[in-house]
Every structure is written in structure tokens, then in C-alpha cells.
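Shown next, in C-alpha cells, is the structure this report addresses.
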Protein chains: 2
Amino acid sequence: MWTDEQQREPGGHASDGPRRRATIHDVAQLAGVSRQTVSRAVNDKGEIDPDTKARVLEAVRMLDYRPSRFARGLVRKGTVTAGLVIPDLMNPFFPEVAAGVLEAAEERGWQVVVWDTRTDGAKEREALGVLSHQADAVMGYFKNDDEVLARYLGGLPLVLLERGPQQTRFAAVGIDAAAGLEQGIAHLVRAGHRRIGMLDGDRLTPGPRREAFLAEVRRHGLPVDDGWIAMSDGHGVAGGEAAMEQLLDARPQLTAVFGFNDLIAVGAIRAARRRGRRVPEDLAVLGFDGLSLGELVEPALTTLRLDKRRLGRLAVEQVARLRAGEKPLTGADAWVAPELVVRASA
Amino acid sequence: MWTDEQQREPGGHASDGPRRRATIHDVAQLAGVSRQTVSRAVNDKGEIDPDTKARVLEAVRMLDYRPSRFARGLVRKGTVTAGLVIPDLMNPFFPEVAAGVLEAAEERGWQVVVWDTRTDGAKEREALGVLSHQADAVMGYFKNDDEVLARYLGGLPLVLLERGPQQTRFAAVGIDAAAGLEQGIAHLVRAGHRRIGMLDGDRLTPGPRREAFLAEVRRHGLPVDDGWIAMSDGHGVAGGEAAMEQLLDARPQLTAVFGFNDLIAVGAIRAARRRGRRVPEDLAVLGFDGLSLGELVEPALTTLRLDKRRLGRLAVEQVARLRAGEKPLTGADAWVAPELVVRASA
DNA sequence: TTGTAGGCGTTATCAT
DNA sequence: ATGATAACGCCTACAA
């Protein structure tokens, strides 16, 4: 396992606690050269005698010297650190967005520090408070409103991912829920459904998905009212199951439901089947997100697939624009539109 | 959407490109005070006249001033940044480990910068190269061997997550595969299985899971040979499907298979059923990891569940020990042991 | 090849 | 309540 061969304390002592970190000065002293020479050795600059270099490097090892990233950053500009704030790493949707962010960030040579707020408003603010000092920009999902965000942000550029109902004064990357629901509802209608309910994930205010859902349903002249919409507690499978059961009790006449996201939709499938309803024969289920998980369940989930990676990449691009002093993308350029993927559940 | 109300360039100009960032000096000048006073105003120190403070803050806003994190870090110690290197964010296993890391890191007031290497050795090295300059420690999954890691690490503390077969000279957090397989194989044997195959995920060298598998199978006096082990290409569902098909062709006499991880096991289930084999009646499938996805597939996956969050937390603790100059945990203290979760597939 | 001087942007300390 | 001065640790000139 572990030996003290490689990982040792400065000076080779193992257990006298953390001591002051060695500086370039210490190394210079121990090697009997100037700080400049140490710098040259450490940074592989030319113009240095191989012997002295070796001597310096030896001193570096002995003292376990590593250049201070702060001192370095002060003098070599160009290190960009972006913050990424995510509500729930356990929901497969977000790791995929994060993957897009990481990918695009790496291409630009940026670093990304990640926070998981667990959908907790207080944690959001904490994250922002820290990042406002440590990052050059932030992107992420927030439930706090603009004003609060601005307060904790202290002027840092911010890119909102999928800002819900509210307009925002920040740059944003959004989802074209309307375009998605248009396809989704059309598909259900085409299959003969006339009584379509929804399992919503936004408890407080109706979000874009619900509004798009209502708009589409009405556009097709179908009946619908608030009673046809059940609220999921959380964005997970369990929430979807509970909401579906509730809806099954309250509105047994529904023949199809639209789930706020795939997790909730999967929960709906499970609940329905447990109640003896066949999916899709007795109840069709339509999801939203396009998680790969949807291909694995039975019946496989018909859903409105989002390019989540692209969402992340787009966020990085927005940040880049902000940093460059350009105007961020707006409207359709800053949207990603879902695409209907028909599988077995609807 | 976006207005230039909040997010504007220094001075309010919008499109003359990025200009030099304002420093504390600029603010001091504009406000007609000393840098020190600016610092006081910005950091909410006492001992400052409310009026001057207001004036300074106004100047701050006008110039869009934000303190340099480098200069600050130089003078205020204590900011810890850890690197987290992960092979594949799309595999639900890793986000959960990451969640544990993030959680524990937050408790300590650390930041975490995340890299996704996509199981690419070169990306690993790139990540290490960057992190060696920008982080105070690194934890993660690596396929490069110790020597290479050390070279790119430049003396930075490293904690390996689940170092495969090889011993390592670095601190590590491991999985007690043997303890897991003991339970798993016992369960299969109890159910009457005598011909158990495996779908392995480690192509090159046999990893701990395969070795534990072989050891247990032999301990029970069961037959087994290399032909009973198929290699999955990648750690995903598709790899599992292909490997299972191959095994089904080559060794149709098998009545049970152990999957390297849950994704592969799920693939196995799918492939088997597609071939008309009933699971678990004709073929029992045992997974490893305990992803929540396993509860959603059909039949639900019997698996050796790991506390992935704890894995992440443990890694952070190891890093903390290293930083404190203490010896890292070793042996069983640095392991997490799987727990058999019996569901429908075996 | 090596060393010296100066500055990067901030905060702490000590005066005023 | 405010300002001057000196670090913090490193790097880029420039000089030797």
C-alpha cells in the first residue's frame, strides 16, 4: 500500500505535523543559488548549468517545494476558473450537462470547480459566496432570484442554465420547452389520446414545461384543468411514483401523462403498472430529458430528448462571451430544443 | 433576457473588448482614497466612515472591480483546492463518488476542481499536469502507473481511488472485492448454481474483482476456466450486452454470470432475454456497484452494493491526512466493503 | 550561466 | 478614520 517513499513531509520527517510550506527562497538557500536560478530550474528554462539544475532540483525534492499557485497566478495571467453549480449530482441529467461543461472548459484551458447544492437555496448562496471570491465566472442552476444572486455574486459574470419561469437579467441558456411539447403532444394526439395529464416537478410557480404543456393541449382543443396536473415531490423516481398514484386516484379517466422529466416519467410507469395499468395500452407515458436510463426500463420510455452536453457547452460559450465583453447569445441561439424519441411507453 | 443593466464592461461600455481588469489601485484613485481604505470598504472592516465607504463602493461598481484571488490568496492563507479526476461522468457510479467528495470537501471548506478523463490515459496526464500547478492535492481514478503519475504530479499529494491490481506507493481508497464476492458467490451457490461465468471490465490485467471471483468460485469447488470469462468493451451497458452474447455462444451451459459492474450486468440481462433466456430462471445475473438504476430494470438487478458516497468521503479524509502530515489510512480502514442486495435477477 | 531589481494586487501593521 | 509601508511568493527584465 502506502510507503513513505514518495509521499513524505518536507525533510523526510513523517509526523511532526504540517510545517510552513517551502518557498522558492528556501530552496535557493539550500541549494546555494539565487531564487532566480531556482525558478529557471523549476520551469525548465534554458540557460542553466545541468549541474546546478540538478542541485536545485534535489533541494526542491528535499524541501518538497511546490511553487505557490497564487504567486504564480499573480504574475502569469491567464488561469481561468469557472464555477459550476448543480442542484443534484444523483440525477443523471446533471452529470451529462456537467460533462459538456467540463469538455468545453478543457478545450479553452479553463478549470471548473463544481458545487452540488442539493436543491438547497442556502447552499446555493454559500456556493456563490465562495465562488465570487475564487472564480472568474459562474454557471449553474439556481432557485434564488436574480436579486439574491446578484447580491452574493459581487459583480461576477453569471450564466443561468434553464432559468425557470422568471425572466432574468443574467445571461442564460435555455430549453425550448414549447418546441418539445409541440412534438410530444402531437405524438400523443396522433395516437388517439384526448385526456392527457401531467406530472409536474415545479412545485411553486408553473414552469415553462407546464405552460408549454397546457398551451399545446389547448391548441389541440383537448380538455385539461389543474386537477389533471399532479405535483411530484422532488425530481426523482419516487416523486413520480407518488404523483402518479395520486393522479390515478383523482383522475382515472386519463389515458396519457406527460412527465416533467424522465425520472418522474419512469416513476409514473412503475406506479401505473403496479396498479395494474398496462403501459402504453391503458396509459401512455411521455418523458422529458432523454436519459439513457429510459432505454433500460420496461417499457422503454418515449421522451423528448435534450442534448444535455450541448447545454453545458453552450453555457461555457456564454461565459466566454461575457468575459470577452461581447453580448451573450439570446433567444433561439441560446436554446436547445428537444427532439421526440419514440420508444414503447407512448 | 439579458440587458446590460447588471453585466456590463468596466466603465459601462459594452463592446470595446475586454480591457485590463481594474485593481484596487484604480478604485482608490477614482474614489480619492488610499488602497487601504478601499480594502476596508470592500471587506466590510469596521473603522471606516460610512460616507467614504459608500463612495468607494460606488467606484467599485463603476470599475467593476473584483479583488484578485491570486493576490488575496498570497496574503491570506487557507484556501484549499483539491482536484478530482474521474474516468467517465456518464457512468452513474462516478457522480455518486463525486457527490461524496464534494460533500466532504464542502464541510472542510475546500474547493474541488473536476476533470473527466473519459478513460483516456493522455487526458489523465494532462489533468495531472494542470492540477499539479493549480491544486493542493489530487484524488481520482487513474490507469497510468505510479511512476507516470509521480512524474506528472511534481510532489503533489495524491489519493488513488480503487487502484486496480497493482500495489501502489500512493495513499489509496479501495474496495473490498473479496468480501463482496464471498457474499455474491455464496448466494448463487445457495440458489443451486454450479456453472458461473463472469463478464469482466478490465481488459488487460485481471483486476481484483476477477481475482476475487475466481477465488470464491474455486473455494466452492466449482469448475471455471478462462473461457467462462468474457471481456466487456468499456464499462457500459453496450459492452455488457456484447460480452454476454459472446459468452452465450461460447458457453451456453452457464447458469449464472457475475458482471464487473451494474451497467455490464444490465447489459447481460438484456442480451440474455433477447436470446430468449429467462432471467433468473435460465440465467441468473449478479451485478456489482449497486446503482439505483438496478432497481428500475426488469428483472431488478441483484447486486453487490457499494457505498459510493463513502468512497468519496474517504478519499477526502485521506487527502486531509496527507496534508496534515499524518499517515493515511491503510488496509481495512481505507476500504469500503460491498453488501449483497438480493433483488430479482439472481 | 547566474544574480539583482522591480513589480504583480492584496492585506496587516503601524502611524497619523 | 485614514494613510504609508512592508510583506506575501513568484517571474520578467536587465545587468554582471
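Since the model is a prediction, treat every value here as computed from it, not as a measurement. By convention in this document, chain letters (A, B, ...) are assigned in the order of the sequence lines, proteins followed by strands, and residues within each chain are numbered from 1.
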From the options [options], select the nucleotide whose nearest atom is closest to the side chain of [X].
X	options	value
B:Asp49	D:dC11, D:dT2, D:dG3	D:dT2
B:Ala71	C:dG9, C:dT2, D:dC10	C:dG9
A:Val75	D:dC11, C:dT11, D:dG9	D:dC11

Specify the separation, in whole Å, of atom [atom1] of [X] and atom [atom2] of [N].
X	N	atom1	atom2	result
A:Arg76	C:dG9	CZ	C1'	17 Å
A:Asp26	D:dC8	CG	C1'	13 Å
A:Leu63	D:dG9	CG	C1'	15 Å
A:His25	D:dC11	NE2	P	16 Å
A:Arg35	D:dT12	CZ	C1'	13 Å
A:Ile24	C:dG3	CD1	P	12 Å
A:Tyr65	D:dC11	OH	C1'	10 Å
A:Phe70	C:dG7	CZ	C1'	19 Å

Quick check on [N]: is either OP1 or OP2 less than 4.0 Å from any side-chain nitrogen or oxygen of [X]?
X	N	answer
A:Arg72	D:dC10	no
B:Ser39	C:dT10	no
B:Thr37	D:dG3	yes
B:Lys77	D:dG9	yes
A:Ser34	C:dT2	no

Exercise for review: Applying salt bridge (Lys or Arg N to Asp or Glu O under 4.0 Å), run through A:Glu58 and A:Arg61 and close with a yes or a no.
Suggested key: CA-CA 5 Å; A:Glu58 173 58 18; A:Arg61 286 207 317 115; 3.5 Å; yes

Practice item. Select base, sugar-phosphate, or nothing to describe what B:Arg66 touches, counting heavy atoms under 4.0 Å on all strands. Key: sugar-phosphate

Exercise for review: Look at atom CD of B:Glu107 and say whether more than 12 heavy atoms of other residues, nucleotides or ligands are closer to it than 6.0 Å.
Suggested key: yes

Point to revise | Derivation of the salt bridge (Lys or Arg N to Asp or Glu O under 4.0 Å) call for A:Arg69 and B:Asp136 | key: CA-CA 9 Å; A:Arg69 68 168 174 282; B:Asp136 301 300; 2.7 Å; yes

**Study point:** Pairwise 5' ranking along DNA chain D for B:Val33 and A:Asn43, keeping only the more 5' one
**Key:**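 Final value for this comparison: B:Val33.
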
Check your understanding: Do A:Asn43 and A:Arg72 meet the criterion of a side-chain donor-acceptor pair at a distance under 3.5 Å?
Key ->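 Per modelled atom types, A:Asn43 and A:Arg72 side chains form a pair under 3.5 Å.
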
**Study point:** Nearest heavy-atom neighbours spanning A:Pro67 and A:Arg21
**Key:**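 Distance-wise, the nearest heavy atoms are O-NH2, 3.3 Å.
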
Check your understanding: For B:Lys45 and A:Leu74, take the nucleotide of DNA chain C holding the closest heavy atom to each; which residue's nucleotide lies nearer the 5' end?
Key ->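 Here A:Leu74 is the residue nearer the 5' end.
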
Review point. Quick one: the side chain of A:Gln36 and the base of D:dT12, do they pair up donor-acceptor inside 3.5 Å?
Key: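 By the distance-only test, yes, there is a pair.
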
Review point. Looking only at N and O atoms, is any donor in the side chain of B:Arg40 or the base of D:dG3 less than 3.5 Å from an acceptor on the other one?
Key: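 Between D:dG3 and B:Arg40, which were checked side chain against base, a qualifying N/O pair under 3.5 Å is present.
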
Check your understanding: Would you call B:Arg321 and B:Glu317 a salt bridge, taking side-chain N to carboxylate O under 4.0 Å as the test?
Key -> yes

